[in-house]
Asker: 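What follows is a structure written as structure tokens; I'll ask about it next.
Fair warning: this is a prediction, and the values are worked out from it, not measured in the lab.
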Amino acid sequence: MKAECEQTLREIERFLDGEMQEDERTSLDGHLKDCSPCMERADFKRHLKELIASSCGCDEVPPELRERVQRMIAHDPGP
């Protein structure tokens, strides 16, 4: 896997959640347009987020659980 792909996959959650600066978002979006494996991963994660939100978006998530999940996602080695 290319270094740029590894960086993209580390940052994909921030990208999908709209938590990036405009220049970061533009750069990552450019990579996704040119790299179908990364785009497929982004599409999968986007769909998963939508599915989770539609299934349980009305419940309040305890802060401890949110922090644990975010730590797990941050350490996800990917495919």
Side-chain angles (χ1 to χ4, degrees):
M1 179 180 289
K2 294 187 259 176
E4 188 175 1
C5 293
E6 290 176 7
Q7 178 66 28
T8 296
L9 295 177
R10 277 193 299 272
E11 298 292 333
I12 202 70
E13 296 296 327
R14 289 181 52 226
F15 176 81
L16 294 174
D17 292 341
E19 298 174 349
M20 295 185 132
Q21 300 292 327
E22 186 61 32
D23 59 331
E24 292 175 303
R25 185 171 186 75
T26 300
S27 176
L28 199 141
D29 190 45
H31 176 82
L32 291 175
K33 287 178 180 174
D34 293 336
C35 183
S36 52
C38 286
M39 178 60 92
E40 289 174 16
R41 182 74 182 256
D43 286 343
F44 173 80
K45 287 192 174 212
R46 182 179 297 116
H47 179 69
L48 182 60
K49 284 177 164 290
E50 291 169 358
L51 182 63
I52 291 169
S54 70
S55 296
C56 57
C58 59
D59 295 332
E60 193 65 31
V61 176
E64 309 83 44
L65 176 58
R66 182 183 305 272
E67 290 172 15
R68 271 190 17 219
V69 170
Q70 288 174 333
R71 282 194 305 270
M72 290 172 65
I73 291 170
H75 291 93
D76 178 20

Asker: To the closest 0.5 Å, what do you measure between CD (E6) and SG (C38)?
Answerer: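 SG of C38 is found 9.5 Å from CD of E6.
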Asker: List in chain and number order the residues that pass salt bridge (charged side-chain N to carboxylate O under 4.0 Å, His left out) with K49, two or more places apart in sequence or in another chain; answer none if no residue qualifies.
Answerer: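 Salt bridge (charged side-chain N to carboxylate O under 4.0 Å, His left out) list for K49, sorted by chain: E13, D17.
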Asker: Rounded at 0.5 Å granularity, tell me how far CD1 in I73 sits from CD in Q70.
Answerer: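 Reported to 0.5 Å precision, the distance equals 7.0 Å.
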Asker: Check whether any side-chain heavy atom of D43 sits under 4.5 Å from a side-chain heavy atom of R46, and report yes or no.
Answerer: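 The answer is yes; the side chains approach within 4.5 Å.
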Asker: Looking at residues at least two apart in the chain, or sitting in another chain, which of them share a side chain to side chain contact (heavy atoms under 4.5 Å, CB included) with Q7?
Answerer: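 Side chain to side chain contact (heavy atoms under 4.5 Å, CB included) check on Q7 returns R10, E11.
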Asker: Please check: side-chain N/O of T8 versus main-chain N/O of E4, any donor-acceptor pairing under 3.5 Å?
Answerer: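 Yes; at least one donor-acceptor contact below 3.5 Å.
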Asker: How long is the gap from CG on D29 to CE on M20, to the nearest 0.5 Å?
Answerer: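 So the CG of D29 and the CE of M20 are separated by 10.5 Å.
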Asker: Evaluate whether atom CZ of R14 has more than 12 neighbouring non-hydrogen atoms of other residues, nucleotides or ligands under 6.0 angstrom away.
Answerer: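 Atom CZ in R14 is packed in, count exceeds 12.
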Asker: Going by salt bridge (charged side-chain N to carboxylate O under 4.0 Å, His left out), name the residues that satisfy it together with R25, two or more places apart in sequence or in a different chain.
Answerer: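 R25: no salt bridge (charged side-chain N to carboxylate O under 4.0 Å, His left out) contacts found.
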Asker: I'd like to check C5 versus P37 (side-chain heavy atoms, cut-off strictly below 4.5 Å). Are they in contact?
Answerer: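 A side-chain contact under 4.5 Å is absent here.
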Asker: To check you understand the geometry: which heavy-atom pair defines the closest contact between K45 and L16, and what is its length?
Answerer: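 Between these two residues, the closest heavy atoms are CB-CD1, 3.6 Å.
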Asker: Please round to the nearest 0.5 Å and tell me the distance separating atom CD of E40 and atom OG of S36.
Answerer: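 The OG atom of S36 is 5.5 Å from CD of E40, to the nearest 0.5 Å.
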Asker: What's the spacing between F15 CZ and H31 NE2 if we round to 0.5 Å?
Answerer: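 One finds 11.0 Å between CZ of F15 and NE2 of H31.
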Asker: A side-chain contact here means heavy atoms from C-beta on lying under 4.5 Å apart; do R41 and L9 qualify?
Answerer: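 Yes, close enough: below the 4.5 Å cut-off.
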Asker: Using every non-hydrogen atom in the two residues, find where A42 and I12 come nearest and quote the distance to one decimal.
Answerer: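 Taking A42 first and I12 second, the nearest heavy atoms are CB-CD1, 3.5 Å.
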Asker: Say you draw a straight line from NE2 of H47 to CD1 of I52; how long is it, rounded to the nearest 0.5 Å?
Answerer: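 Rounded to the nearest 0.5 Å, the NE2-CD1 separation comes to 10.0 Å.
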